Amino acid sequence: MWNLLLLLATFFSSTNAATKDQWRSRTIYQLLTDRFSRGNGDNSPCPDLGNYCGGTFNGITQNLDYIQNMGFDAIWISPIPVNYPGAYHGYAAIDLYGVNPNFGTEQDLLNLVNACHSRGMYVMLDVVANHVGPVTPNYTQINPFNNEKYYHPYCEISNWNNQTNVEYCWLGTLPDLAQENPFVRQTLKNWIHWIVNKYGFDGLRVDTAIEVPMDFWAEFSMSSGVYTVGETFNGDPNYCATYQGCLDGILNYPLFFMMRSVFQQGQPMWDCRTFMQSCSVFPDQTILGSFVDNHDNPRFLNGTSNLNAFKSALAWSVTTLGIPIIYYGDEQGFSGGPDPYCREVIWPYLNQTTSEMYTFVTQIVNYRKQMQLWNYPWIERYAQSNFYCFSRGLATMAFTNSPNNVQYSVTYNPYTNGQVVCNIFWQNDCVTITNGALNVVLLNGEVKLYMPKSMMVSE
Ligand SMILES: *[C@@H]1O[C@H](CO)[C@@H](O)[C@H](O)[C@H]1NC(C)=O
Ligand SMILES: *[C@@H]1O[C@H](CO)[C@@H](O)[C@H](O)[C@H]1NC(C)=O
Ligand SMILES: *[C@@H]1O[C@H](CO)[C@@H](O)[C@H](O)[C@H]1NC(C)=O
Ligand SMILES: *[C@@H]1O[C@H](CO)[C@@H](O)[C@H](O)[C@H]1NC(C)=O
């Protein structure tokens, strides 16, 4: 009897845990806790982006309106364990069970998760099970992996094409956990179950997924009980697809590279077709994470000042198959270079909710939601060297990477003759389907997202 009650109690205490099916409709805002808000009104600049800047859990809690008002219904926060001195990003743990005191207390973190849940927002935690902080040779500092025997012998990853090398060697100076050691394996599985349930996290972003064997991830993911999306930093869909199964989804780096090549470098848009065809190897594209920017790469706008190209890439990432992830600062047009310059502080901008990019992000996120794009298959409608068009349900997205006036007559479309469809970015930009065709005109590299006029929400 008591066992049954205990079982029921465990079940109900973890009902926040969200599955991949519940994540499919979500749109995620990725932030680094250290860079979002200090939570004390201090908006002075950060003297050194390579060290702590002062962001806190309370700062995020106080500024959830800023995120939710764009339409986001999930946040991804950076890792929370106690970290090596100066590791503001959280990817160099010292104590897996403690909370990084720079960000606040356990209670502050619980308050953040509860505040998100009461708004109907999910919280995704970034977790690291591949390595710990660079403490060599003094492993006694690590809780709980306090002995050299829990790690692979030192060798630095030197050949990313040799999977054994990638899995058994170290990422730089970070001690590489030996998941084949029974204590390490069981402890990591217990830890992930514990941390998800203690704080009520709804999903996990799994760091350095390709550096750990898949059989471990399958057990780890199962033990977590929530949706998991893995960082597979690799542009080859064939390689990345092998990780979908042991983890629910992967961060779609192949898409990231395609968008940079087409919209930033101006490669022919035939590449979009080739790319989408190559993605058929994924077991389920609807639960991959699609993103334009993140904390590990120079921002899109660092490589070009073309705002329309950036908007096109963002619109693609939000409307294509997958769960969109927008990196904090994209909504303010940030343009930082490589790590740590792409990890700007955003606090001076948290009152700027009418900026051009904030408005644009709000529009595309709400379009995805209103048209419930996740419910519809992805259909290519038109491909050319300077034009690409796809649809999902009655939503049609038209893209170009040309600065010129681009016109195409899209005869293969989801509409009926005489139907009026409008571009969400300009209420008066409506066209009537004539002779079966949707006539698209794009200027200056702009993107257009269409919906039937009858569905437009009037202002
Ligand atoms: C190793 O780390 C522990 C815990 O931080 C510390 O007490 C000890 O002095 C360190 N030993 C060496 C040799 O640095
Ligand atoms: C791959 O890496 C492992 C571990 O570093 C090494 O022992 C092995 O020789 C490498 N294999 C090849 C073909 O280079
Ligand atoms: C791109 O990044 C570099 C290095 O951080 C920086 O110096 C430069 O100003 C950035 N460019 C833009 C357009 O922001
Ligand atoms: C936003 O806050 C900054 C300080 O962080 C201030 O300088 C600026 O005037 C504020 N802008 C608005 C529109 O309130």
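Note that these values count all heavy atoms, side chains included, but never hydrogens, waters or copies made by symmetry. This one's a predicted model, so the numbers in the text were calculated from it and none came from an experiment. First listed ligand is number 1; within each ligand, the first listed atom is number 1.
Remark: atom 7 (O) of ligand 2 lies closer than 4.0 Å to no protein heavy atom. The presence of a protein heavy atom under 4.0 Å from atom 2 (O) of ligand 3 is confirmed.
The shortest N or O to N or O distance between Asn159 and ligand 2 is not below 3.5 Å. Residue Thr164 has no N or O atom closer than 3.5 Å to an N or O atom of ligand 2.
Between Tyr358 and Tyr66, the ring planes are tilted. Angles from 30° to 60° get that label. Ring pair Phe233/Phe257 is tilted by interplanar angle, where 30° to 60° counts as tilted. Classified by interplanar angle (parallel below 30°, tilted 30° to 60°, perpendicular above 60°), the ring pair Tyr91/His295 is parallel. Between Tyr408 and Tyr382, the ring-plane angle classifies as tilted under the 30° and 60° cut-offs.
Looking only at protein heavy atoms, the nearest one to atom 5 (O) of ligand 2 is Asn165 ND2, 3.0 Å. Protein heavy atom closest to atom 14 (O) of ligand 3, with residue, atom name and distance, is Ser335 OG, 2.7 Å. Scanning all protein heavy atoms for the shortest distance to atom 4 (C) of ligand 3 gives Gly337 CA, 4.1 Å. Among all non-hydrogen protein atoms, the one lying nearest atom 11 (N) of ligand 2 is Asn162 ND2, 2.9 Å.
Taking the six-membered ring for Trp, Phe399 and Tyr388 have ring centres at least 6.0 Å apart.
In this structure, of Leu49, Leu301, Asn302, the residue bringing a heavy atom nearest to atom 10 (C) of ligand 3 is Asn302.
Each of the atoms 5 (O) of ligand 2 lies under 4.0 Å from some heavy atom of Cys169. Residue contact check: Tyr341 has heavy atoms under 4.0 Å from atoms 5 (O) of ligand 3.
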Report the C-alpha distance between Asn63 and Ser37 in whole Å, list the side-chain angles of each, state the deciding distance to 0.1 Å, and finish with yes or no for side-chain hydrogen bond (donor to acceptor under 3.5 Å, both in side chains).
-> CA-CA 8 Å; Asn63 288 284; Ser37 168; 3.2 Å; yes
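The residues Arg260 and Asp293 are annotated as salt-bridged, a charged nitrogen and a carboxylate oxygen being separated by less than 4.0 angstrom.
For the pair Trp217 and Gln179, the minimum side-chain heavy-atom distance is 4.5 Å or more.
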